[in-house]
Novice: 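This is the structure I want to talk about, given as structure tokens.
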Amino acid sequence: MPEGHTIHRLARAQRKSFGGHVVHAASPQGRFAEGAALIDGRALRRTEAYGKHLLHHYDGGVLLHVHLGLYGTFSTGTGDPPQPRGALRLRLVGNANWADLRGPTTCELLEPAERTALLARLGPDPLRRDRDSAAALTRITRSKTSIAALLMDQTVVAGVGNVYRAELLFRHRVDPYLPGRALTDVRWMAMWDDLVVLMTAGLRTGRIVTLAAADRPRQRGVLTREQSVYVYRRAGLPCRVCGSAIRTETVVGRNLYWCPTCQTAVV
DNA sequence: GCTAAATGTTGAT
DNA sequence: TCAACCTTTAGCT
């Protein structure tokens, strides 16, 4: 289940698995049968991630667009793929690898102009080299909308999801309900730079770990998810910094988590 | 084994 | 504001 780092990771893995050679595509479920037929037998030239959107560039200008949504997943393997089961939207089979896509919000082919329009409506992606942090700065520091809502708006910043939102706000001790325009340029740029660091680490490891080493419980072994974050899904549990109960409230349809004591920074 | 919730977005009401 | 998408997992029985 994906925020931007997951999609960039997929783009990288799929480039490695399928890039440069012919791919066979099918849609056993039937919902993407026409698209799969157009992809089938073409070589994959390039993969691309922008925010939470994944793109495959195939020979002949065929462009696949996938958005996993909340619970879309790819399962992958090598050798012969298993018998298709359940609602399998798209199966890709390369020389040695296969990938099965289930439950995506979007799986479609795009015309070049549609790709341009898609990318044009996305804000800067902290994981892209061409990121334009000034664009997000302008949107945020002029807005009356709460910073918690702005961070989930993909036209403001592309790739941030509910975990990074809650954790970023905590790490900077920012009250989620502050309007964007209450943030100084310096405050937002510190948050942006942190987002780049956090998401780059997420891309490298495949996990979201936002807890600073100093705040981690001293113990051996792999951190559980609950031990990797400050506030996300920790409602009612004590804040790792001050001990106050972590609160949760729905903001534009998503559960926000925050510490009412720590997150009162003067911006 | 069952239920609810989940790292998301769109489109109808 | 809410249902839909329709998978996976955590937490309960």
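Labels below follow one simple rule: chain letters A, B, ... track the order of the sequence lines, proteins then strands, and each chain is numbered from 1. This is a predicted model, so every value here is computed, not measured. Because only heavy atoms are used, hydrogens play no part in the values below, and waters and symmetry mates are left out as well, while side chains stay in.
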Novice: With a 4.0 Å cut-off on N to O distance, would you call A:Asp100 and A:Arg91 a salt bridge?
Specialist: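 Judged by the 4.0 Å cut-off on N to carboxylate O distance, A:Asp100 and A:Arg91 do form a salt bridge.
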Novice: Report the nucleotide, chosen from B:dG8, C:dT7, B:dT7, that has the shortest atom-to-atom distance to any side-chain atom of A:His67.
Specialist: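 Ranking B:dG8, C:dT7, B:dT7 by closest atom to the A:His67 side chain puts B:dG8 first.
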Novice: Just N and O in the side chain of A:Arg121: are any of them under 4.0 Å from OP1 or OP2 of B:dT10?
Specialist: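 Checking A:Arg121 against B:dT10: at least one side-chain N or O falls below 4.0 Å of OP1 or OP2.
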Novice: Quick one: is C:dT8 close enough that its OP1 or OP2 comes under 4.0 Å of any side-chain N or O from A:Thr73?
Specialist: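 Answer yes for this pair, as a side-chain N or O of A:Thr73 is under 4.0 Å from OP1 or OP2.
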Novice: Can you tell me the distance, in whole Å, between the CG atom of A:Leu127 and the P atom of B:dT7?
Specialist: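 About 19 Å, once rounded to whole Å.
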Novice: What's A:Leu68 touching, base or sugar-phosphate or nothing? Going by heavy atoms closer than 4.0 Å.
Specialist: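 Result for A:Leu68 = nothing.
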Novice: Look at the rings of A:His53 and A:His65 and say which category their plane angle falls in: under 30° parallel, 30 to 60° tilted, over 60° perpendicular.
Specialist: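 Ring orientation of A:His53 relative to A:His65: parallel.
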Novice: Provide the distance between the two P atoms, one in B:dT7 and one in C:dG11, to the nearest whole Å.
Specialist: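 The answer is 14 Å between these two P atoms.
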Novice: Starting from C1' on B:dT9, measure out to CD on A:Glu108 and report it in whole angstrom.
Specialist: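 After rounding, the reported distance stands at 12 Å.
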Novice: Within the pair A:Arg254 and B:dT9, is there a side-chain N or O less than 4.0 Å away from OP1 or OP2?
Specialist: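 No, because none of the side-chain N or O atoms of A:Arg254 sits under 4.0 Å from OP1 or OP2 of B:dT9.
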Novice: Without decimals, in angstroms, what is the distance between A:Phe74 CZ and C:dT8 C1'?
Specialist: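 Between C1' of C:dT8 and CZ of A:Phe74: 16 Å.
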Novice: Which value, in whole Å, describes the distance between the P atoms of nucleotides B:dA5 and C:dA3?
Specialist: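 Roughly 13 Å separates the two P atoms.
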Novice: Quick one: list whatever passes ring-ring contact (aromatic ring centres under 6.0 Å, His included) with A:Trp188, sequence neighbours left out.
Specialist: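 Testing A:Trp188 for ring-ring contact (aromatic ring centres under 6.0 Å, His included), a comparison that skips the adjacent residues, returns none.
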Novice: Is it true that a side-chain atom of A:Arg234 and a backbone atom of A:Pro238 form a donor plus acceptor pair closer than 3.5 Å?
Specialist: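 A pair under 3.5 Å: yes.
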Novice: Report the distance from atom CZ of A:Arg234 to atom P of B:dA6, rounded to the nearest whole Å.
Specialist: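 To the nearest whole Å, that distance equals 16 Å.
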Novice: Without decimals, in angstroms, what is the distance between A:Tyr71 OH and B:dA5 C1'?
Specialist: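 It works out to 11 Å between those atoms.
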Novice: A:Pro104 or A:Ser75: which one's nearest nucleotide on DNA chain C is closer to the 5' end?
Specialist: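 Per heavy-atom nearest nucleotide, the more 5' residue is A:Pro104.
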Novice: For atom CG of A:Asp130, is the number of surrounding heavy atoms from other residues, nucleotides or ligands below 6.0 Å larger than 12?
Specialist: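 Enclosed: over 12 neighbouring heavy atoms sit under 6.0 Å from CG of A:Asp130.
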Novice: Going through the distances and angles, do A:Arg128 and A:Glu48 end up as a salt bridge (Lys or Arg N to Asp or Glu O under 4.0 Å)?
Specialist: CA-CA 10 Å; A:Arg128 282 183 69 103; A:Glu48 182 178 27; 3.6 Å; yes
Novice: Give a yes/no on whether any side-chain N or O of A:Tyr232 is located under 4.0 angstrom from OP1 or OP2 of B:dA5.
Specialist: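 False: A:Tyr232 side-chain N/O out of range (4.0 Å or more) of B:dA5 OP1/OP2.
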Novice: Determine whether A:His56 and A:Phe18 satisfy the following criterion, ring pair (Phe, Tyr, Trp, His ring centres under 6.0 Å), listing intermediate values before the conclusion.
Specialist: CA-CA 10 Å; A:His56 282 192; A:Phe18 302 107; 7.3 Å; no
Novice: Has A:Lys52 got a side-chain N or O lying under 4.0 Å from the OP1 or OP2 atom of B:dT9?
Specialist: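 Yes, because at least one side-chain N or O of A:Lys52 sits under 4.0 Å from OP1 or OP2 of B:dT9.
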Novice: Angle between ring planes, A:Tyr230 versus A:Phe170, binned at 30° and 60°: parallel, tilted or perpendicular?
Specialist: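 Geometry flag for A:Phe170 against A:Tyr230: parallel rings.
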Novice: Nearest-Å distance, CE (A:Met152) to P (B:dT10)?
Specialist: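 In whole Å, B:dT10 P and A:Met152 CE are 13 Å from each other.
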Novice: Pick the P atom in B:dC2 and in C:dC5, then give their distance to the nearest Å.
Specialist: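 To the nearest whole Å, 22 Å.
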Novice: On DNA chain C, compare the nucleotides closest to A:Arg89 and A:Arg233; which residue's is nearer the 5' end?
Specialist: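 Between the two, 5'-proximity favours A:Arg89.
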Novice: Measure CG/A:Leu70 against P/B:dA4 and give the value in whole Å, please.
Specialist: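 In whole Å, B:dA4 P and A:Leu70 CG are 17 Å from each other.
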Novice: If I take atom OH in residue A:Tyr257 and atom C1' in nucleotide B:dT7, what distance separates them, rounded to the nearest angstrom?
Specialist: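 From A:Tyr257 OH to B:dT7 C1': 11 Å.
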Novice: Below 4.0 angstrom, which residues in residues 154-168 of chain A have at least one non-hydrogen atom near DNA chain B?
Specialist: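 By residue number: A:Gln154, A:Gly161, A:Asn162, A:Val163.
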